[in-house]
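The basis for the numbers below is simple: all heavy atoms, side chains too, and nothing from hydrogens, waters or symmetry mates. In what follows, chains are A, B, ... by sequence order, proteins preceding strands, each numbered from 1.
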There are 2 protein chains.
Amino acid sequence: MYICPMYSKELIKGTLKTIILRLLEENGRMYGYEITQRVKEITEGQLVLTEGALYPTLHKLESDGLLTTEKEFIGKRVRKYYSLTPSGNTETLNKVNEFQEFVRVMQLILKPKTA
Amino acid sequence: MYICPMYSKELIKGTLKTIILRLLEENGRMYGYEITQRVKEITEGQLVLTEGALYPTLHKLESDGLLTTEKEFIGKRVRKYYSLTPSGNTETLNKVNEFQEFVRVMQLILKPKTA
DNA sequence: TATAATACCTAAGAATCCAATGTATATTTG
DNA sequence: CAAATATACATTGGATTCTTAGGTATTATA
């Protein structure tokens with residue numbers, strides 16, 4: 001999914017959709033390249049999205065009805081802005097909650113010392 | 001990886017090795033079936049390992065030199081006990097740390113409200 | 001003017017996991 | 001005591017997800 005310098009890559013699969021949805025929830029609308037830059041910025045370079053993962057995932061989310069797009073021209077260059085649909089909003093809440101719940105359950109296994 | 005009733009499955013990939021290594025660190029030695037039962041017990045049924053994921057992963061960890069095995073017969077039935085090798089011990093610390101670091105970075109993206 | 005940054009995209013292959021299936025022994029329950 | 005369930009190992013085909021690598025084109029910077 002990402003170039004992820006600090007972590008073994010296999011640990012991180014399955015969170016790309018969650019990240020995209022959450023950023024769009026936070027920022028209203030964003031285009032692909034902007035998403036990669038924002039993630040890099042927020043995580044101080046520790047998470048870097050690859051385009052080979054990002055663009056297919058955006059297209060998937062759109063075809064699933066979670067995102068809508070509008071094109072804009074900046075000079076001659078196209079930008080595709082993505083925003084959440086109503087069902088995209090719902091799905092964002094679900095995905096974030098699922099991630100938090102999963103982390104909670106993982107901690108039961110990874111830190112049972114004090115249990 | 002697992003039958004995971006509460007979570008979307010895609011969120012969870014890449015943590016199976018970490019779970020196995022950590023349980024072996026905690027318990028000294030365990031056999032495959034025991035691992036599935038222990039995970040089910042600790043997570044109160046929220047994480048259930050499938051055998052199709054577990055056994056190939058155990059074999060992979062063994063061939064990578066992180067685990068060793070000893071067979072024991074219980075009546076006529078075989079059990080294969082797995083334990084950590086020295087490099088398995090090191091890898092366990094790495095994997096758990098990587099997971100905790102990844103969670104920290106994900107929270108930067110998922111909860112930037114108060115930032 | 002060359003290089004880097006911006007901005008989009010696809011395709012081949014690797015890695016990981018699930019579902020299904022298979023084998024066999026031991027225990028519990030009706 | 002027979003049937004169902006639990007114990008215990010294992011493999012295979014297919015799905016999903018990501019990486020690597022490549023492609024096109026415009027704009028800004030050195």
Q: Identify whether any heavy atom of Gly75(A) sits under 4.0 Å from a base atom; if not, whether one sits that close to sugar-phosphate; answer base, sugar-phosphate or nothing.
A: sugar-phosphate
**Q.** Whole-Å gap separating C1' (dC9(C)) and NZ (Lys80(A))
**A.** 9 Å
Q | Salt-bridge contact Arg29(A)-Glu70(A) (side-chain N to carboxylate O under 4.0 Å) | A | yes
Q) Leu58(B) CG to dA10(D) P: how many Å, rounded? A) 8 Å
Q. Would you find a donor on one side and an acceptor on the other, under 3.5 Å apart, between the side chain of Thr85(B) and the backbone of Leu66(B)?
A. yes
Q) OH of Tyr31(B) versus P of dA10(D): gap in Å, rounded? A) 14 Å
Q. Going by atom types alone, do Glu62(A) and Thr68(A) pair a side-chain donor with an acceptor below 3.5 Å?
A. no
Q) To the nearest Å, how far apart are Ile74(B) CD1 and dA8(D) P? A) 7 Å
Q. Hey, does Gly52(B) reach any base, or is it just sugar-phosphate, or nothing, if we go heavy atoms under 4.0 Å?
A. base
**Q.** Phosphate OP1/OP2 of dT17(D) contacted by Lys60(A) side-chain N/O (<4.0 Å)
**A.** no
(Q) The side chain of Tyr55(B) is closest to which nucleotide in this list: dC9(C), dA6(D), dT11(D)? (A) dT11(D)
Q) Given atom CG of Leu16(B) and atom P of dA15(C), what is their separation to the nearest angstrom? A) 16 Å
Q: Please figure out whether Pro56(B) or Gln37(B) has its closest DNA chain D nucleotide nearer the 5' end.
A: Gln37(B)
Q | Listed nucleotide nearest any side-chain atom of Tyr82(A), set dA7(C), dA10(D), dC9(C) | A | dC9(C)
Q.
Through direct or indirect side-chain contacts below 4.5 angstrom among Ile, Leu, Val, Met, Phe, Trp and Tyr, which residues connect to Phe73(B)?
A. Val78(B)
**Q.** Of the listed nucleotides dT20(D), dC9(C), dT7(D), the one nearest the side chain of Tyr33(B)
**A.** dT7(D)
Q | Separation of atom CG in Leu49(A) from atom P in dT6(C), rounded to whole Å | A | 15 Å
Q. Hey, is the side chain of His59(B) poking within less than 4.0 Å of OP1 or OP2 on dT11(D), counting only N and O atoms?
A. yes
**Q.** Separation of atom CG in Leu54(A) from atom P in dA7(C), rounded to whole Å
**A.** 13 Å
(Q) Would the distance check show the side chain of Glu34(A) and the main-chain N or O of Tyr31(A) forming a donor-acceptor pair, the cut-off being under 3.5 Å? (A) yes
Q) Please give, in whole Å, the distance from dA11(C) P to Glu51(A) CD? A) 16 Å
Q) Contact class for Arg77(B) (heavy atom, under 4.0 Å): base, sugar-phosphate, or nothing? A) base
Q. From the list dT27(D), dA8(D), dT10(C), which nucleotide is the closest neighbour of the side chain of Arg79(B)?
A. dA8(D)
